Amino acid sequence: MSYQPGRMGIAEGMALVFIMLFPRIFLTTPANAIAAVTTAAWWVVIVSGLPVILAIFAWIYIFRQTPGDLFSVSEKLLGRVGAWLVTVAAIMVFFIDAALVLRQFAENTLLTALPQVEFSFIVGWYTLIAALGALLGLEALARGTYLLFPMSVMGLILVLLLLAPYYDVYNLTPWRGYGLLASLQTGILQSGINISGLILVIVSPAMQNIQTFKWASIFGVTSGLFIKSLTLFIFTMVFGVATASEKTLPFFEMSRLVYINRYFQRIEALFIILWVIGGLLGISLGLYMGTFLITRLLKLPALQPLIPLSAYIVAQMAMVPPDIATVIRLDNYLISHFYTATLFIITLVLLIAAFVKSKKRRLQHVSSYDN
Amino acid sequence: METIFSKSFNYLKKLLVYTPSCTPPPFVLDDQSDQKQALDNIHEKTDLAGPTEQLQILLRQAKHAKDVLEAISTNLKEGHLINPTQIKTLLKKLEENKAETSPVRLAYDAASQPEDREVSALLAENYTILKKLYKLPQNKDIVIRNLTLPLSPPLKAIIVFLDGMVDSKTLNLAVLQPLMFFSADHIQVDNISKTLTTTLIEECLPANQVNKAVDYKSVQHGINSGDTALFIDGVPEAVLINTKGMIRRGVDRPMTEQTVRGSQAAFSEGLRINTALIRATLKSSDLVTEILSIGKRTNTSCAIMYVESLANPTLVAEIRRRIKGVTTDFMGDIGSLQQFIEDHPGNLFPQALSTERPDRVAVHLAEGRVAFILDGIPFAHIVPVSFFTFFHSAEDFSFKAIASTGLRILRIVAAFITLLLPSLYLAINYFHQEALPTEITLAVAGARERVPFPAFIEIILMEFSFELIREGGLRIPGVLGSTIGIVGALILGQAAVTANIVSPIVVIIIALAGLASFAIPDFQMALAFRAIRFLFLLLAAGLGLVGVASGLLLLVLLLCSMKSFGVPYMVPIAPRVESNLDVIVRGPVFHQEKRPDGLNAQDSIRQPAISREWELEKPSEGQKKP
Amino acid sequence: MSLRMTISCLGLAVCLLLSGCSSANETDEVAYIVAIGVDSLPNKQLNITYMIAIPRVLSTSGGSGDVDSRKSVATITIKAPSLAEGRSLLSSSIARSPDLSHIKVWVVGEELAKRGLGDLVSPIFRFREFRGSMYMMVVRGTAQEFLKTNHPSLEVLPSRWVEGILLSGNETSYLLPTNIHEFYNRLKSTSGAPYVVLAGINPLSGQDKPSAKPTSPERSSEYLPENIPRTGGNPASVLGTAVFKRDKLAGMLTNEETRMVAILMGKFPKGFLTIADPKMSERNVHVLLRLGKSPKINVGFENKRPVINIDVLIEGEITSIPSGINYEGLDSRKSLETQVSKAIKMQMVAMLKHTQELGTDVVNFGRYYRPAFNTYDEVASFNWNDLYPEAEINVQISTKIRRTGLMFKTMPIRG
């Protein structure tokens, strides 16, 4: 394959994981979360990240038994058919995620930055930039993300802090939301939203060793969860549950509200750069990962010629739903059903298979001593 | 018969009748000359050329034999020889020359080009080959001087040199004088050819660099660089004596990289002057200079300098391999050499640091980098570099840490300003008018009410005129340069505003962006930013801040995918390696303990953790404890 | 290969430029609206007044020196059934496309507020051109009249004047600057009444028409905005608060009541108070007050009746003692402090009674009770606003005089 194996360090891995979790903050996800669990949204986010962290530990165990990337591991553990099923599921996850995020970002742009631009033009433009990014390769994407994401995160935190005059702590009470059990249930059900945190599983030969994989994934997922939790915390404080669950674009509304004095107001235009870069990197990486899995599946020699084609497919998929409300509902539905199921099923199946295999190996080892 | 009628008739005819002016037909370089060249080649390869050449060689050998016979006959008196030893040496030499006339050798020599041949023992043969090589007698630069070495018997020799490339004093005093006056004392009587040149070199030629050459390629190379070649009759070797003395510009002040503190020496055109300047700053025995020759016709010398105990050997091998692998005709500029060997020649961003200051080169060599210099160009290129190296100036370490850090941050901010300020103005003006406070928006809108052009055309107009002023300012003779700059910028801008062609805010923006590009220390980097600025303008006018953001993203990704000689371009930020407090924030001099990690130098520790060791001890005249 | 690249790059550039520059508007194709006023008309129509800024007047090369506030804006009024229709009609009345992103203030007429603002506020949050940080005002009278007569003497743009006066409300806390975001939040939240800053058109006749006469120990009367006795200056005046029940205008609070609301909300940075001298009741003492620390408010329930305990600490600085009594000393200071506390308590009790009569919980005591609930459903189903009028409120004010200004004692006048 065309990437250099075994060179990526913790920083780049962390950047990759973080950027897959980051773009959804700028979409309707915070408002959906508040609508689902009201005041408990900020800690339910952390709860929904716990299965992914457990999955990372599971994958460390699997990698200790059988090193390799997703396709080769599932091939060794489950055979060709199992490997095909797992990889096709992963491809679908990445492509659908990229398409939905692309669609929502395009709608976002139409709503906020460029109200009268032609819809298919902006979808095509975003796809083009994402495809160009994916063409430059994984190394460039990882390094560029590592360079850019501190500024994005700082911009986000700046907006959150500048809303200090509007904080009302009582908006967060009662902290249990609809009830402790109900909130936990919703959290676990929504854990599919963080499935992209396992992105390093797919390119694990590119990491230096298992320690790098472990720390990069854990750091990336925890920092992503922390940022999401902070955003939801402040969002709830500023808007209150009722108003917050109505908003289509929480981040945009928050940045609009900033009003410090006569000169420092109406700064939401400058944060366009922030979420455009974050969204484009997320889409580009999702595109790259999906194409990478296709090449691994079909044992193709090169990745780059396939990218224009998959970009076109993703763009067409993004334009399929008829309106934005359908997109939001579809996104929610897919997260809680398809992504969560994929996360749990694939991890559990592979974990059990690895466990069985290691037991068999130990038995074989023991029996060979007997002879 | 010339009658008055015929004369007047001719005169009237000349006056009245139109005759086309007799201009000669114009000179046209046609394609037919290529065909003619091919024909010539074919002609040379016809069977008659080879035997002709063989016959001529044989003729020259025969002439030499005739001379020997004449010498013997003059020597022969009454049946015995007067000088038997002399005759013996002559005959021995003739015996040795026989090797040259063997049929195989003859055929080979006859068929090959002059520059592929080897030095012949026969002086006449060498003279013919040199005539063919240097296109004598049209070429007046080459001088072939006959001389006689006063040995016994006296030997004929010729020296060949290029007029203007040699230092006449050295030639006269160190070559001709000892050869013509003093060589007799050192050479034995029988002057065997095998040891003759060695003895000559070791005992008679007091020049500091002397080499032997057996083939015409090295002879040519030597003569073209300014050496003097000495051909001795009967010796199939040439002696190349170093008499290089072309007039060169001396060590001057730097033209483009001026600093407030730091040395004011800059490179000059001579290769040896430049290597000497670097060596004077880095007086280490580990500093290695390899010299390669590039270009088929120019044979330019390229010197690669590195500190052998620091530089990564794979890096040096790669640079050597790349420079050796360049096949071209003309190599006159280090910029074109750079494009031949760099990883991304199509990319605007420079991948080697081009400097004309030897102290800067020494600093980078001590960090483990490699420099290459080209003969005739007063610039050195340092590889491998990272993006942030271009924002360091030569005197960064001369100032204190905080001041230097502030200046570096200013330069990076200047880079952003020059890239983004006009595009941000366009984006906000067109799409996001709410981003500015109301008073400013209304002031800008009011000022633009009178301007007939859209904002995009305004900015393009002003950018174009700024670039015109800048480019024109490069070529104005020095006396008028600053005047035109002031006239152009101030008055033109002011007049444009008063004539309502542009609005005042656009003038301010363009001036700021242009000045900011001067703050970037490296010229090529500033050029890259200036060129990309236009692309950003287009994106901003088309898609507003979304366009600017996508352009910025693609730029960052492109930079992160570049490599400069094996080192990623954005190290130490992009692949996260240990940065030694020298990227943007500059740490104090006494904290620079490690070399840059990305270079993978052999020895990564520069100085111990406590480099101000005097702090650990008490001063000798210190205060007693109170 | 490079031919393909070149062609595709050129094709992209052509696409980019042919996309029509997607809604790029030159600055002279845009009309900047700085204020909107909405009034109600019979048969469900709205009278919408737009205040449009004239850029030429404010530009550097255009306006030379004396720019009058009359010439810097153009006011256009349109009758339309809705805001959207009004905007369409506006864009066909002026030669530029209206840009609503610079709106500083929404002015709502009293009639429309009484009829209910629910219909008006919802498009504000859905349509992207409006933003939540815009200020909102209710005018006693019509918004059209307010915007037309608003001619500030010191500023060039009337919208700048509005922004300035709202931001300087913290000089006296006689007005609470409100933006639409807070109004909307109060509309949708589970407790608390929406409130909007009140404005009026002063007749500039100098007539004194207080809403309430001063009761000892306080010395100043309470006013609604158009009743302040003054002549000269801008006829538009902003003072007090309009309180809403659900989305209809329920009542108006005077300037002193607004100050009390501000104190209870914790937003009282400074304000002057004139009280009768405790020891010489025909003279006054002036004190400059500020909130010492956030008010401590406890909400509890006693047999189905809410009990609210309020504890406020006020810090003061003496600014004038005409009587010359040495209030800087220890015992006299205590009496001054009690006097101030008495005055403030009186005003606060009056304000609370007024709001309880109106049935509007402006201070939003309900949120202090939220932590007592377990889940959000309980909060959502709990109807605080109906229980508020029966609440028993115990107010405890303590004052501490910290500073005495530049003089620390007064010598008597001789002769």
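The analysis underlying the following values was restricted to heavy atoms, covering all of them including side chains, and did not include hydrogens, waters or symmetry mates. As the structure is a prediction and not an experimental result, all values here were calculated from the model. Below, read A as the first sequence line, B as the second, and so on, with proteins coming before strands; counting in each chain starts at 1.
- For C:Asn383, the CG atom sits in a packed shell: over 12 heavy atoms of surrounding residues, nucleotides or ligands are nearer than 6.0 Å.
- Distance check, rounded to the nearest 0.5 Å: CG of A:Leu257 to CD of C:Glu182 gives 9.0 Å.
- Contact annotation for C:Glu378: neither backbone nor side-chain heavy atoms come within less than 4.5 Å of a heavy atom of chain A.
- If you take OG1 on A:Thr38 and CG on C:Asp377, they are separated by 7.5 Å, rounding to the nearest 0.5 Å.
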- For side-chain contact (heavy atoms from CB on, under 4.5 Å), just list the numbers for C:Arg131 and A:Tyr259, CA-CA rounded to whole Å, side-chain angles, deciding distance to a tenth of an Å, and then say yes or no. CA-CA 11 Å; C:Arg131 54 185 62 233; A:Tyr259 187 106; over 6 Å; no
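- Proximity to chain C (any heavy atom under 4.5 Å) is shown, for A:Phe252, by neither the backbone nor the side chain.
- With a 4.5 angstrom heavy-atom cutoff, A:Ile122 does not touch chain C via any of its atoms.
- Comparing A:Leu128, A:Val241, A:Leu180, A:Leu249 by heavy-atom pairs within less than 4.5 Å of chain C, the highest count is held by A:Val241.
- Residue C:Asn179 touches chain A through its side chain alone, counting heavy-atom pairs closer than 4.5 Å.
- Under the salt bridge (Lys or Arg N to Asp or Glu O under 4.0 Å) criterion, no residue pair touches residues 29-48 of chain A, with sequence neighbours excluded.
- Using a 4.5 Å heavy-atom cutoff, the side chains of C:Glu163 and A:Gln265 are in contact.
- Residues that satisfy the side chain to side chain donor-acceptor pair (under 3.5 Å) test with A:Arg256, not counting sequence neighbours, are absent from this structure.
- Taking 4.5 Å as the limit, some side-chain heavy atom of C:His181 sits within range of a side-chain heavy atom of A:Val238.
- Of the two parts of A:Thr112, only the backbone, made up of N, CA, C and O, holds a non-hydrogen atom closer than 4.5 Å to a non-hydrogen atom of chain C.
- Shortest non-hydrogen contact noted between C:Asn185 and A:Phe239 is OD1-O, 3.3 Å.
- Heavy-atom neighbours of C:Phe301 CZ from other residues, nucleotides or ligands within 6.0 Å: above the threshold of 12.
- Of the two parts of C:Ser101, only the backbone, made up of N, CA, C and O, holds a non-hydrogen atom closer than 4.5 Å to a non-hydrogen atom of chain A.
- Looking at C:Arg160, the atoms closer than 4.5 Å to chain A (heavy atoms on both sides) all sit in the side chain, from C-beta outward.
- A heavy-atom distance below 4.5 Å is found between the side chains of C:Arg370 and A:Thr39.
- Among the candidates C:Tyr368, C:Phe125, C:Phe373, the residue making the largest number of heavy-atom pairs closer than 4.5 Å to chain A is C:Tyr368.
- A search for side chain to side chain donor-acceptor pair (under 3.5 Å) contacts involving C:Arg87 returns C:Glu129, not counting sequence neighbours.
- Residues of residues 167-177 of chain A lying under 4.5 angstrom from chain C, judged on non-hydrogen atoms, are A:Asp168, A:Tyr170, A:Asn171, A:Thr173, A:Pro174, A:Arg176, A:Gly177 in numerical order.
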